[in-house]
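Just below is one structure, and these are the notes that go with it.
The sequence lines fix the lettering, A, B, ..., with proteins before strands; numbering per chain opens at 1. For clarity, every value in this text was computed on a predicted model and none was experimentally measured.
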2 protein chains.
Amino acid sequence: MDRKTATIQDVARVAGVSTATVSRTLSKPSVVAKSTREAVLDAVAETGYRVNATASNLRRQRTGTVIVLLPNLANPFFSQILAGLASVLTPAQFGMLIADTQSGPDPEERLRHYLTSGQADGLILLDGTLSPEALAIPGRPPVVLACEWLGQDLPSVRVENEKGAALAVGHLARLGHRRIGHVTGPRGNVLTETRLEGFRSALGNLGLPLREDWVVEGDFSMDSGAAAGRAWLTMQDRPTALFLSSDEMAVGFLGEVQRAGVLVPEDVSIVGFDNIEIAQHLSPGLTTIRQPRTQIGVRAAELLLAMIETGSLTGPSELIEVEFIRRGSAARPPHEV
Amino acid sequence: MDRKTATIQDVARVAGVSTATVSRTLSKPSVVAKSTREAVLDAVAETGYRVNATASNLRRQRTGTVIVLLPNLANPFFSQILAGLASVLTPAQFGMLIADTQSGPDPEERLRHYLTSGQADGLILLDGTLSPEALAIPGRPPVVLACEWLGQDLPSVRVENEKGAALAVGHLARLGHRRIGHVTGPRGNVLTETRLEGFRSALGNLGLPLREDWVVEGDFSMDSGAAAGRAWLTMQDRPTALFLSSDEMAVGFLGEVQRAGVLVPEDVSIVGFDNIEIAQHLSPGLTTIRQPRTQIGVRAAELLLAMIETGSLTGPSELIEVEFIRRGSAARPPHEV
DNA sequence: ACAAAGAATGTAATCGTTTACAAGAGCGAA
DNA sequence: TTCGCTCTTGTAAACGATTACATTCTTTGT
């Protein structure tokens with residue numbers, strides 16, 4: 001009997017009503033009579049009926065899917081954001097289609113593809129490297145930018161990046177550092193630029209020198225952090241402290257210089273950004289700026305659902321607070337010679 | 001004109017053929033005449049037609065979705081497996097619905113839900129804690145177990161866990177360790193048990209003592225690794241080396257004991273399992289057993305697609321090789337007193 | 001008593017594909 | 001010529017829901 005899953009027809013037959021009534025009972029219970037409603041619900045229970053999402057979506061001209069586009073699936077930074085997204089989208093009966101922009105050849109082309117494919121009712125974009133023009137597509141579904149943002153008017157969820165940089169620099173300055181360097185993310189990335197700008201203006205406000213040779217370009221990855229570590233090791237005139245634009249890079253930097261015999265924080269202080277899980281498990285613990293990643297995901301999903309609901313392409317943006325987390329990787333500078 | 005996306009009807013009209021021919025051109029090009037095929041493809045290009053996946057899925061009685069069920073989305077260990085899965089499923093026009101078992105109250109209930117919901121054509125299960133009975137559901141879609149396995153007869157992709165444990169212990173023994181401990185995953189997990197079994201028999205084969213008080217239970221997380229570190233610190237009679245069932249735990253252990261002033265590998269040697277990205281960036285670098293995670297994802301997806309294709313509920317299992325990675329966290333034991 | 005409004009339900013079109021089946025065209029063999 | 005192939009293409013019926021519109025049955029005001 002249970003061979004095939006029951007359809008709405010089966011329920012209608014068992015309940016002795018039309019399919020329309022069954023459908024109404026399930027979507028707008030208030031419009032059907034109490035007795036009918038009960039009969040239908042009994043029939044649903046008896047047959048084990050579950051609505052066929054594909055058919056429903058076809059008829060309602062929606063897909064029940066949102067696409068989440070991120071730079072790199074293998075980056076642990078995103079997993080908690082995904083968890084936040086899922087916690088909102090799943091109860092709302094939306095599936096998440098997860099795709100990364102970096103695995104293919106042309107990231108913007110991929111974005112365009114997803115926007116025109118009609119495969120999804122909305123898109124959440126976690127990659128700020130893409131240019132705003134890629135979103136200028138007529139008839140595209142609503143988009144929410146999380147963590148990053150392209151134009152001013154696009155709905156987004158972002159964190160106080162400039163303030164985070166200022167907190168990091170302020171902490172180092174308060175410890176007595178006057179020679180502070182920075183390891184950036186990839187150039188062109190909005191996060192990179194904003195944090196760099198925050199770094200610059202914080203230095204300025206504190207009357208500290210900005211040395212361009214102490215600003216090293218990275219790409220948020222551990223490998224690039226390790227490369228920055230090697231660069232620092234070979235500098236003749238080194239900064240005594242560094243602010244790194246991501247914890248991943250801080251991890252790479254830390255390991256690299258430690259393996260070279262450098263003591264942290266005795267010889268050099270470092271401050272990261274993100275507060276990924278490992279930050280507290282390093283030795284020394286990594287001083288950093290916390291981003292509430294689950295919350296970013298939650299808010300982005302809520303924003304997008306609201307837009308899908310109303311069919312609007314615009315919406316509010318949200319700014320999420322960062323928090324300074326003090327651990328052991330930043331201390332007073334080595335004694336001046 | 002571009003108001004609504006073009007349908008197959010529009011293409012048919014432009015190309016001067018029937019919708020059936022358009023459909024065939026797109027799915028089985030070989031059966032249509034060359035000239036017709038070209039006319040259709042021109043019309044497709046002209047109209048910007050893209051097949052409506054929802055309609056296609058409805059007609060073909062599939063969902064175009066596979067569910068990936070993992071213990072915890074926020075665990076970086078899984079992200080590369082996801083990347084591997086995506087690299088196979090995306091080209092095959094399947095979306096991935098990602099869900100975790102731990103966020104809700106009853107994991108087995110969630111699994112049951114997904115199996116009966118008919119929301120997916122298949123399921124990939126990355127959580128070996130669930131009991132086999134949960135899969136005994138008539139009419140369920142095909143399931144592939146990745147990393148873990150419940151019954152013998154279910155198709156799965158797994159790695160040589162016992163051998164990995166043996167490699168770890170063998171390496172430590174060769175370095176001269178005779179007092180070797182183990183930090184396990186959560187009890188009841190298949191991975192945990194298999195690696196523990198591998199650990200036990202390796203010790204036996206090498207004629208080394210098995211001390212139950214040197215076997216500490218963890219749960220694969222960094223936190224539990226740190227807890228194991230604290231446990232080790234308080235032991236009166238300590239092992240000189242530990243094999244930890246996951247790199248995450250090794251990271252937690254390492255940080256904890258280092259912060260207590262212990263030197264690794266001078267005072268204690270450790271070997272992890274997984275070779276997650278950070279392993280090479282720690283100081284010292286983490287000696288570990290590599291699991292090719294992307295490959296695990298790729299093979300699991302391929303297996304599942306084959307089962308979906310043939311409508312079969314059974315299939316082959318695959319055993320993937322592990323590799324010993326020597327880094328700096330394991331060395332000769334401290335000089336005997 | 002009857003018209004009008006309201007409540008509950010049924011009828012049937014529709015969403016955009018895929019595909020079983022039918023049918024037409026062309027061709028060689030008997 | 002006629003039959004039986006093969007090769008292409010078209011016709012039309014699904015797939016399983018939702019919903020505008022029509023219909024029936026009550027109820028209420030005058």
Student check: side-chain heavy atoms of E302(A) and V298(A) closer than 4.5 Å:
yes
Provide, to the nearest angstrom, the distance between the CG atom belonging to L26(B) and the P atom belonging to dT9(D).
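L26(B) atom CG is separated from dT9(D) atom P by 14 Å.
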May I have the distance from N57(A) (atom CG) to dG16(C) (atom P), rounded to whole angstrom?
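Whole-Å distance recorded here is 13 Å.
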At 4.0 Å (heavy atoms only), tell me whether [X] reaches a base, stays on the sugar-phosphate, or touches nothing.
X	answer
R62(A)	nothing
A20(A)	base
S23(B)	base
V17(B)	sugar-phosphate

Which of the following nucleotides, dT9(D), dC15(D), dT18(D), is nearest to the side chain of L58(B)?
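Output: dC15(D).
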Identify which nucleotide among dT8(D), dG16(C), dT11(C) has an atom closest to any side-chain atom of S18(A), counting heavy atoms from C-beta outward.
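Looking only at heavy atoms from C-beta outward on S18(A), the closest nucleotide is dT11(C).
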Using a cut-off of less than 4.0 Å, is there contact between a side-chain N or O of T21(B) and OP1 or OP2 of dT9(D)?
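Indeed not, no polar side-chain atom of T21(B) lies that close.
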For dG16(C), does OP1 or OP2 lie under 4.0 Å from any side-chain N or O of Q61(A)?
yes
T63(B) vs D121(B), side-chain hydrogen bond (donor to acceptor under 3.5 Å, both in side chains): CA-CA, chis, key distance, verdict
CA-CA 6 Å; T63(B) 64; D121(B) 301 322; 3.1 Å; yes
On DNA chain C, check which nucleotide each of K28(B) and T54(B) is closest to and give me the residue with the more 5' one.
T54(B)
According to the salt bridge (Lys or Arg N to Asp or Glu O under 4.0 Å) rule, which pairs have a member within residues 42-71 of chain B, sequence neighbours left out?
none
When you measure only distances, ignoring hydrogens and angles, does the side chain of R24(B) come within 3.5 Å of the base of dG10(D) through a donor and an acceptor?
yes
Rounded to 10°, tell me the angle between the two end axes of the helix from dA1(C)-dT30(D) to dA30(C)-dT1(D), each built from five pairs.
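Answer for the end axes of this duplex: 60°.
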